[in-house]
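First up is the structure itself, then whatever we jot down about it.
Each ligand, and each atom within it, is numbered from 1 in the order the structure gives. Just so it is clear, the values below take in all heavy atoms, side chains as well, and ignore hydrogens, waters and symmetry mates.
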Amino acid sequence: MKKVVRFITLCMAVTLAACTTTTAPKHTCTQVSVMKANGADGILWLPVQESMGEANIRILSDNQQLELIRVRLAKDSIDYFVPYELNRWGDRDLVIEFRTWLPDTVRRDRMVCWEAIHNSQCTMHNAQCTDSPYRSLYHHTPLFGWMNDPNGMFYDEQTGIWHLYYQHNPYGAMWGNMHWAHSTSRDLIHWEHQPIAIRPTGLGTIFSGSAVIDRNNTAGFGENALVAIYTADGESQKQAIAYSLDGGQTFTHYAGNPVLTDTIADFRDPKVFWDSLTNRWVMTLACQQEIRFYASDNLKDWTYLSRFGEGYGCHDGVWECPDLVELKMKNEELKTEESKWVLLVNINPGGPFGGSATQYFVGDWDGKEFVVESQKSKVESKWLDYGMDHYATVTYHNAPEGRVVAQGWMSNWLYANNLPTLPFRSQNTIARDLSLYIDENGEYRVAVKPSPEYEALRGEVIEQPTEACVIEVEVPAETKKATFTLSNDKGEKVVMTLNMQKKTFSMNRRHAGDCSFSKDFATVTTAPMHNDQSPMRITLFIDRCSIEAFDGEGAWAMTNLVFPSEPYNHLEVSGGEATIYNLKI
Ligand code: FRU
């Protein structure tokens with residue numbers, strides 16, 4: 001099997017012997033240290049100690065501040081290095097000012113970082129490094145540093161390329177310094193890392209948002225310009241736009257930003273779509289615990305339309321990353337054109353097993369207002385995935401053949417910053433095609449199926465599981481209870497149980513491996529089955545540190561991270577028949 005990660009190039013093992021032309025930092029009488037450098041010095045490697053608070057690092061040239069970044073500078077020991085690209089500034093002379101927030105009693109000149117900071121000419125793409133054994137083989141991961149929400153995803157039909165931007169910290173493997181990083185794929189399996197797409201501006205760091213192809217040049221940036229709509233998180237949260245005229249590689253910030261402001265604190269995550277009912281753009285925006293809808297003819301001037309949320313679904317946390325999509329009934333043989341509008345609302349905390357999760361509402365959209373279909377959604381939340389590691393899920397703009405393709409962040413804010421995957425953190429779920437079905441009570445629900453692109457993963461049938469494989473389990477109609485147990489020689493195991501009487505599927509990861517990094521991790525998650533399908537077929541996607549389980553009919557999905565100390569190499573099934581496929585990648 002070819003390793004997707006063979007080109008992974010990181011910053012950890014860059015030798016300290018690299019030639020140094022930057023000056024040693026000078027310590028001033030306050031908590032500030034200053035060093036000089038030049039853009040020609042290449043990359044400045046900054047030592048990180050994750051338990052430290054963030055230091056402010058200002059990069060100045062000609063007495064002007066070029067950039068401010070925040071880094072957990074190492075005081076006592078070094079966890080890893082992060083690269084700062086001095087060479088982004090050409091051959092300018094630079095002054096780098098470090099502001100640590102330590103008590104006065106701490107001798108900051110004794111911090112280990114000062115001896116360890118060094119520069120090198122090697123770029124981020126050719127430094128050698130030891131990678132995490134948990135790096136997924138077919139799930140999207142960041143090259144290094146931190147990742148959270150997928151952003152601005154779109155499909156380019158001219159090139160056949162899927163574009164995935166994401167919340168990224170290039171200066172640490174914990175949340176901070178939000179940028180939009182960028183990856184591309186032809187098959188949703190192999191991802192290529194592209195240069196960072198959108199960097200913070202004077203208005204703030206770049207929080208989540210979306211991107212649309214402006215076919216008719218409504219914004220005036222150019223025909224087919226790709227317009228990104230994001231939240232600038234500075235003194236307040238406000239919506240801003242940037243456009244790309246080279247297919248999403250580089251962006252120019254609109255000079256008239258911000259394009260939408262308000263007085264409320266949580267005002268973020270704009271997801272924009274072209275509403276063919278009214279022939280204009282519509283934005284869904286998360287505003288504390290409700291979703292607001294805005295309309296625009298040009299992506300620059302936005303008018304408030306309506307709001308949705310009060311009294312509906314789960315309100316145990318902040319509503320984030322909304323998306324409004326039109327879904328069709330899943331059974332093509334029904335030949336029905338019936339469709340409903342589904343509002344995806346991510347919520348944190350408040351998920352069914354703690355922390356982050358994606359709830360949704362089924363209803364109708366008339367171009368102005370979203371009205372839920374069933375009053376039941378006042379009391380009962382519907383979840384797009386019943387695992388603990390499925391969040392910030394939104395859909396691709398312009399997916400081919402009218403498909404609605406969603407992808408989520410495979411983590412949970414309860415422990416995302418502590419996962420044992422250094423030197424990077426987080427991965428995304430596999431993409432899923434969404435449609436509608438009617439459950440046993442006559443209620444509309446969203447059917448979630450692995451996108452058909454993942455069929456290509458399946459190689460030969462093998463006897464026992466490997467670190468990354470696909471497993472199909474057939475459960476015959478007469479079975480009352482089926483269990484599938486994945487285990488390794490260390491006795492670590494994940495037990496999945498299908499209980500036909502209770503009509504539930506559950507996954508127990510309490511003994512799955514390392515759970516030590518968070519008290520919230522060792523859990524059992526349970527999905528209601530919502531259909532009377534039998535026999536049943538369940539597909540499991542295993543990839544080093546994750547298990548995604550899907551009902552064959554799309555009635556439920558469950559995504560959980562697991563950290564076995566060695567791969568699960570044994571599968572025991574009772575009440576069903578399993579076929580294991582190795583990966584063809
Ligand atoms: C969701 C979220 C968004 C925000 C982003 C910041 O995970 O909190 O609401 O835009 O992350 O990184």
Quick test of your reading of the structure: of I206, D269, N348, whose heavy atom lies closest to atom 4 (C) of ligand 1?
D269
Rounded distance (nearest 0.5 Å) linking atom CG of L414 with atom CG of N348
7.0 Å
So, the side chain of Q289 versus the backbone of G317: is there a donor-acceptor pair under 3.5 Å, distance only?
yes
Side chain, backbone, both or neither: A392 near ligand 1, heavy atoms under 4.0 Å
neither
Which of the atoms of ligand 1 are close to R268, meaning less than 4.0 Å from one of its heavy atoms?
3 (C), 4 (C), 9 (O), 10 (O)
Can you tell me if W175 contacts ligand 1 (heavy atom of the residue under 4.0 Å from the ligand)?
yes
Do K449 and Y454 form a cation-pi contact, if we require the NZ or CZ to be under 6.0 Å from the six-membered ring centre and within 45 degrees of the ring's axis?
no
Kindly indicate whether a cation-pi arrangement holds for R135 with F424, taking the cut-offs as under 6.0 Å to the six-membered ring centre and within 45° of the axis.
yes
Which residue supplies the protein heavy atom nearest to atom 8 (O) of ligand 1, what is that atom called, and how far is it?
E320 OE2, 2.9 Å
Check if T231 has a non-hydrogen atom at a distance under 4.0 Å from any atom of ligand 1.
no
Test ring-ring contact (aromatic ring centres under 6.0 Å, His included), reference F361, set W383, W319, Y444, output is W319
Element-labelled atoms of ligand 1 that are located less than 4.0 Å from some non-hydrogen atom of S208
5 (C), 10 (O)
Ranked by distance from atom 6 (C) of ligand 1, the top protein heavy atom is Q167 OE1, 3.2 Å
Show the atoms of ligand 1 that are less than 4.0 angstrom away from any heavy atom in N148.
5 (C), 6 (C), 7 (O), 11 (O), 12 (O)
Contact check: W409 vs ligand 1, nitrogen or oxygen atoms, below 3.5 angstrom
no
closest protein heavy atom to atom 7 (O) of ligand 1 is D149 OD1, 2.7 Å
Step-by-step ring-ring contact (aromatic ring centres under 6.0 Å, His included) determination, Y254 to F221:
CA-CA 9 Å; Y254 169 50; F221 298 136; 5.7 Å; yes
Tell me whether the rings of W175 and F207 are parallel (<30°), tilted (30 to 60°) or perpendicular (>60°).
perpendicular
Note: ligand 1 atoms sitting under 4.0 Å from heavy atoms of M178 are 12 (O)
Please name the residue in the list H163, H140, H193 that meets the ring-ring contact (aromatic ring centres under 6.0 Å, His included) test with H182.
H163
